[in-house]
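Shown next, in structure tokens, is the structure this report addresses.
As the structure lists them, so they are numbered: ligands from 1, and atoms in each ligand from 1. On a predicted model such as this, the values are computed, not experimentally measured, just so you know.
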Amino acid sequence: MAANNALTPPARIGLVGLGLMGVPMARNLLAAGYSLTVYDVNTQVLSDFAAANPAASAAASLRALAGVCDAVITMLPNGKIVRDVVLEGADNLASGLAAGTLVIDMSSSSPVGTRELGELLAARGLALIDAPVSGGVRRAVDATLAIMIGGDDAQIARCEPLLKAMGRDLFRTGGLGTAHAMKALNNYVSAAGFAAAAEAVLAGTRFGLDPATVVSVLNASTGKNNSTELKFPQQVLTRKFAAGFSLGLMVKDLRTALEVAQATGMKAPIAQATVDEWAGAEALLGPGADHTAMVKFVEHLAGSTIEDGPIQGD
Ligand code: NAD
């Protein structure tokens, strides 16, 4: 059952960060009937969104947005930028938010920074929950994102209707920061699976197998994962490399996952190897490349591509 002070339409919602994910999420909030105000540091992106979505208001500053919202969603590249936007930049949200306003960080931020930010906001009478997402641009468009949610139970109950306008599977993960930790750990497992599949497909091809056969057999067998099921058929074998999630953001998430493990004092050699592998791909291809293009790094290390076919041994 929804909380008494639940954020149901037409509650006034702010969304900061109109990127690949923020734009479809904002559209879904409008479609659900929320009164939406948006902001992005990129003025072109902001005016394009306002032109295409006349029901939304574009704010001239973060402070201006904060003054007209009951809750604010951040969908930004990383936790450092979230902290600047919320609290520390010359123009920030906290300077304009009324006491009791809820900030919902849906970015993939570092959980350690999230806990610090939560304490700083609480001292000002502001609440923070972490609600990162999984499912990529396609599920953002369809409003079927998986959303992990950490923080105070009463605040989470308030924003459930709002989150359901953007996502389908909502998971409460525990206290503040647990959702950001969960998100990073998910992307670590996803990236490790992708990298393993990239090596397997290339090795199989070099050995004489057809790459489509390798992917098909993995998908009918125990080697199947999300990458072999979706990313290899759609993005890698077609060489489109356009899944809509950048390599730079993936490397950031992998470093966060390693930090989570290290913060608990455990060794995580597979996570370390995964960070090293993906950071190598970022150095070769640049942070703006699509993350699925990391296959090109595996090919670069091997000196042949999946398309080259068999390599004759001595
Ligand atoms: P993006 O780079 O496409 O968009 C980020 C937006 O934030 C840009 O429009 C940028 O101009 C804006 N921005 C940057 N600094 C700002 C500031 N100081 N003030 C206001 N706006 C600012 O990124 P994205 O792919 O939409 O990802 C956003 C977040 O969601 C990231 O944390 C990412 O890791 C996470 N995420 C992305 C995906 C995906 O498939 N793309 C999936 C799940 C989670």
Side-chain angles (χ1 to χ4, degrees), residues 14-28 37-50 58-66 72-94 103-111 113-114 130-148 166-167 169 179-188 190-191 194 226-227 230-231 234-235 241-257 278 282 286-293:
L15 189 144
V16 182
L18 291 169
L20 289 168
M21 296 294 283
V23 164
M25 290 162 67
R27 284 207 191 108
N28 286 328
T37 305
V38 291
Y39 178 81
D40 196 289
V41 74
N42 182 331
T43 50
Q44 186 64 51
V45 161
L46 187 60
S47 57
D48 286 352
F49 184 87
S61 67
L62 291 165
R63 190 181 159 82
L65 177 142
V72 180
I73 293 169
T74 46
M75 194 55 180
L76 294 161
N78 59 52
K80 162 95 184 56
I81 294 175
V82 171
R83 187 165 167 154
D84 276 352
V85 159
V86 173
L87 199 57
E88 289 183 344
D91 171 35
N92 66 51
L93 292 170
V103 178
I104 306 166
D105 184 20
M106 301 190 74
S107 329
S108 304
S109 303
S110 156
T114 300
D130 50 330
V133 306
S134 186
V137 173
R138 185 179 57 79
R139 285 174 61 186
V141 170
D142 295 347
T144 57
L145 289 165
I147 306 182
M148 298 143 257
M166 296 175 281
D169 309 314
H180 278 153
M182 184 64 242
K183 168 65 191 173
L185 293 170
N186 173 73
N187 277 20
Y188 156 51
S190 171
F194 185 96
N226 173 270
S227 295
L230 299 174
K231 295 177 186 177
Q234 293 171 7
Q235 306 296 338
F241 303 122
F245 179 53
S246 74
L247 195 44
L249 290 178
M250 180 64 103
V251 173
K252 174 233 1 178
D253 290 343
L254 294 173
R255 292 204 168 106
T256 303
W278 284 79
E282 186 185 21
D290 193 77
H291 76 287
T292 57

Working to the nearest 0.5 Å, report the span between CD of Q235 and CG of L230. 9.5 Å

Name the option, out of R139, M75, K80, M21, that contains the heavy atom nearest to atom 30 (O) of ligand 1. M75

For atom 35 (C) of ligand 1, find the nearest protein heavy atom and state the residue, atom name and distance (0.1 Å precision). S108 OG, 3.5 Å

Please find the pair of heavy atoms, one from A26 and one from F49, that lie closest to each other, and give the distance. CB-CZ, 3.5 Å

With atom 22 (C) of ligand 1 as the reference point, say which of L145, L76, I81 has the nearest heavy atom. L76

Can a non-hydrogen atom of D84 be found less than 4.0 Å from any atom of ligand 1? no

Student check: side-chain heavy atoms of K183 and D130 closer than 4.5 Å: no

So, taking the atom named CG in N28 and the one named CG in D142, what distance separates them when rounded to the nearest 0.5 Å? 8.5 Å

Would you check whether G244 reaches within less than 4.0 Å of ligand 1, judged by its heavy atoms? yes

On a heavy-atom basis, which atom in N186 and which in S134 lie closest, and how many Å separate them? ND2-OG, 3.6 Å

In this structure, atom 16 (C) of ligand 1 is nearest to the protein heavy atom V41 CG1, 3.5 Å

Derivation and outcome, side-chain contact (heavy atoms from CB on, under 4.5 Å), residues M106 and M21: CA-CA 10 Å; M106 301 190 74; M21 296 294 283; over 6 Å; no

Side-chain touch S190/K231, heavy atoms, less than 4.5 angstrom: yes

Just going by heavy-atom distances, which of T74, L249, T43 is nearest to atom 33 (C) of ligand 1? L249

Does K183, backbone or side chain, put an N or O under 3.5 Å from an N or O of ligand 1? no

Just jot down the ring pair (Phe, Tyr, Trp, His ring centres under 6.0 Å) partners of F194, sequence neighbours excluded, or say none. F232, W278

Ligand 1 and S107, any nitrogen or oxygen pair closer than 3.5 angstrom? no

Below 3.5 Å, N or O to N or O, backbone or side chain included: is there any such pair between G17 and ligand 1? no

Nearest-option assignment for atom 19 (N) of ligand 1, heavy atoms, candidates L93, V85, V82, L65: V85

Mind listing the closest non-hydrogen atom pair of T256 and P111 along with its distance? CG2-CD, 3.4 Å

The residue among D40, V85, D105 that forms side chain to side chain contact (heavy atoms under 4.5 Å, CB included) with L76 is V85

Starting from atom 12 (C) of ligand 1, which protein heavy atom do you reach first, and at what distance in Å? D40 OD2, 3.3 Å

Residue N42 vicinity, atoms of ligand 1 by number, heavy atom under 4.0 Å: 11 (O)

Might you point out which heavy atoms bring A59 and L65 nearest each other, and give the distance in Å? CB-CB, 3.7 Å

Of all the heavy-atom pairs spanning N78 and S109, show the shortest one and how long it is. C-OG, 4.1 Å

Considering heavy atoms of the protein only, find what lies nearest to atom 43 (C) of ligand 1 and give residue, atom and distance to 0.1 Å. V133 O, 3.5 Å

Short version for L20: what comes under 4.0 Å of ligand 1, heavy atoms counted, is both

Of all protein heavy atoms, the one nearest atom 4 (O) of ligand 1 is G19 CA, 3.1 Å

At under 4.0 Å between heavy atoms, which part of P77 makes contact with ligand 1: side chain, backbone, both or neither? both

If the cut-off is 4.0 Å to any non-hydrogen atom of G136, which atoms of ligand 1 fall inside it? 40 (O)

Would you call K252 a ligand 1 contact, heavy-atom distance under 4.0 Å? yes

Under-4.0 Å protein heavy-atom contact, atom 2 (O) of ligand 1: no

